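The next block holds one structure in the form of structure tokens; read it before the comments.
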Number of protein chains: 2
Amino acid sequence: MYAPERQQEILRLARDGGRVDVVSLAEEFQVTAETIRRDLKALDRAGLLRRVHGGAIPAGRLDFEPDLAERETTAADEKDRIAKAALAELPADGTVILDAGSTLARLAAALPPETSLTVVTHSLPVAARLADHPGIQLHLVGGRVRHRTRAAVDAWALRAYGEIRADVAFVAANGFSAEHGLTTPDLAEAAVKRAAVAAARRVVLLADSSKHGQEHFARFGGLGDVDLLITDSGLSPEDTAALARGGTEVVRA
Amino acid sequence: MYAPERQQEILRLARDGGRVDVVSLAEEFQVTAETIRRDLKALDRAGLLRRVHGGAIPAGRLDFEPDLAERETTAADEKDRIAKAALAELPADGTVILDAGSTLARLAAALPPETSLTVVTHSLPVAARLADHPGIQLHLVGGRVRHRTRAAVDAWALRAYGEIRADVAFVAANGFSAEHGLTTPDLAEAAVKRAAVAAARRVVLLADSSKHGQEHFARFGGLGDVDLLITDSGLSPEDTAALARGGTEVVRA
DNA sequence: ACCGGTCATGCCCGTTCATGCCCGGTCGTG
DNA sequence: CACGACCGGGCATGAACGGGCATGACCGGT
């Protein structure tokens, strides 16, 4: 196994599990701890991991509350399936907007290498994953970066989205329902999402079923703005039907 | 079998198996390892494969940039010392601009946790390192992202820098000399650096001594624009004195 | 058919890389 | 505050690398 392969795998393990430790990695890959330390150092220098005594934690973590880590990994499966399903909605050779959020980050990671696209995003983790994808023309939307979500917000971001027109926007929401629309806890972030939605001809909402019925502080649109919702099978058939009656197509991955 | 045929086949094998190695390819095709290396180099240059020690991996399979880590190992020591020395130039509680480049990334990683600063950058790696630094208000400059440097360039970036005013800009250059000023290989990137330099009251150039005397395609300023140069001890005392005569203070870390 | 030029390949050899081992220093936990 | 785990630098080693050169095949023009 080559060093970069091992490092890639370490990175994956770190992201999945929220942490890795030197000794078990050494065992896992059948190399000495020194080698693992070197790998971790390289990944740390590349800004992908944060080194800690005894191991490392992923640097790009969107959500680093320890108690949420477990829930995060259990939802990982749904999010991966949703991201996979979203691939089918990519235009053949056009422009897409990718919102911030862990599902979007997974979508970015899942883009096949032969993809040819123009991508616009205000999410740092999404940008980091796409920056070296050879087929992708990446445009970064600037702005003040919120620590919690690592997404750019405020004036620069709003203006940038106001100046472009994309084929599809893939957006995430912390809560969605027919009654209360699309909501998220932060006002500034909601404003950016609204601008992103307005900049696209077609809007695809990626949200696992646990988000359904939730409502948060800031609303950035109604379900009527959403052309397609991709969620998981946890959404009940009745809810699905209700949403479909509202004009939103629903895919349950 | 012709070389392009062989390369095509190597590419297919790499994509099928996820990896190839020099020795078995040499055996497989009944040629020497040198020939295979040349093939792999060609495919790497074409962006179809990623070369690793001992073989190659299909492009896009790794979602990080080994190139970045690799470049960091060159003159890593000097760069670390330069970054450390640059810490002394940070304002107590003001606004700084951080350019793209491995030395700047080191600087970002070396910021003490208790630092309180506003940071503006158009570099993705720098932003990734600072995004979760609690004391830092991070402002991301958007734009088209260049694959090679992971830095934002073009209209959005230029306009953003045109709208701000910072206490200090820390910039990097691929080449610097009293005669030819500050140069870099890419025009778009040079334009952004120029804008960053213009947006700051004080300009600090971080460049290891191997950059001295080099000149590249695009010039973004003269040494007269630089208030302070931080470099390593590889810069000869005569060169140091010559630069100092030009009005640029020099620190050799 | 001849001939200079280019290209692909092979061979040689000094250099670099990845890894393992060792040892003195540091961390953090009890 | 003491001890064990962890860290990082230094060194050794074998594999891989890559630049330079030679050889022979092919090509295009005369």
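These numbers come from a predicted model, not from an experiment. Note: hydrogens, waters and symmetry copies are ignored here, and every other heavy atom, side chains too, is used. Letters go in sequence order (proteins before strands), and every chain restarts at 1.
Dashed line: the shortest gap from a side-chain N or O of B:Lys41 to OP1 or OP2 of D:dG19 is under 4.0 Å. In this structure, A:Arg51 reaches the D:dC7 phosphate: one of its side-chain N or O atoms is under 4.0 Å from OP1 or OP2. Close to D:dC7, at under 4.0 Å from its OP1 or OP2, lies a side-chain N or O of A:Arg37. Not one side-chain nitrogen or oxygen of B:Thr32 sits closer than 4.0 Å to the OP1 or OP2 atom of C:dT9.
Rounded to whole Å, atom C1' of D:dA5 lies 16 Å from atom CG of A:Leu25. One atom, CZ of A:Arg6, and another, C1' of C:dC17, lie 12 Å apart when rounded to the nearest Å. The separation between B:Ile36 atom CD1 and C:dG10 atom C1' is 13 Å, rounded to whole Å. In this structure, CZ of B:Phe29 is placed 13 Å from P of C:dG10, rounded to the nearest angstrom. Whole-Å rounding puts the A:Met1 CE to D:dA15 P distance at 21 Å. The distance between atom CG of B:Asp21 and atom C1' of D:dC17, rounded to the nearest whole Å, is 15 Å.
Overall bending of the helix from C:dA1-D:dT30 to C:dG30-D:dC1, expressed as the angle between end axes built from five pairs apiece, is 50° (10° steps).
A donor-acceptor contact under 3.5 angstrom links the side-chain atoms of B:Arg38 to the base of C:dG10.
Remark: B:Lys84 NZ to B:Ile230 CD1 distance equals 13.0 Å, nearest 0.5 Å. From A:Thr115, atom OG1 reaches atom CG of A:Leu130 across 9.5 Å, with rounding to the nearest 0.5 Å. Between the CG atom in B:Leu40 and the CD1 atom in B:Ile57 there is a gap of 11.5 Å [rounded to 0.5 Å]. One distance of note links CD of B:Glu28 with CG of B:Leu13; it measures 6.0 Å at 0.5 Å rounding. Note that the NZ atom of A:Lys41 and the CD1 atom of A:Ile36 stand 14.0 Å from one another [nearest 0.5 Å].
Residues B:His216 and B:Gln214 bring a donor and an acceptor atom of their side chains to less than 3.5 Å of each other. The closest side-chain donor-acceptor pair between B:Lys193 and B:Thr184, if any, does not fall under 3.5 angstrom. At a cut-off of 3.5 Å, with distance as the only test, a side-chain donor of B:Glu189 or B:Thr149 sits close to an acceptor on the other residue.
Mapping A:Gln30 and B:Tyr2 onto DNA chain C by nearest heavy atom places B:Tyr2 at the nucleotide closer to the 5' end. Two residues, A:Val23 and B:Gly55, neighbour DNA chain D, and the one matched to the more 5' nucleotide by heavy-atom proximity is A:Val23.
Considering only residues two or more places apart in sequence or on other chains, B:His212 meets the ring pair (Phe, Tyr, Trp, His ring centres under 6.0 Å) condition with B:Phe176.
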Sub-3.5 Å pairs of nitrogen or oxygen atoms, protein against nucleotides 22-28 of chain C:
from: C:dC22; atom 1: N4; to: A:Glu34; atom 2: OE2; distance (Å): 3.2

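Taking every side-chain heavy atom of A:Ala3 into account, C:dT19 is the closest of C:dG10, D:dC7, C:dT19. Nearest nucleotide to the side chain of B:Thr35, out of D:dG19, C:dT19, C:dG10: C:dG10.
Considering all non-hydrogen atoms of both residues, A:Pro112 and A:Leu87 come closest at CD-CD2, 4.3 Å.
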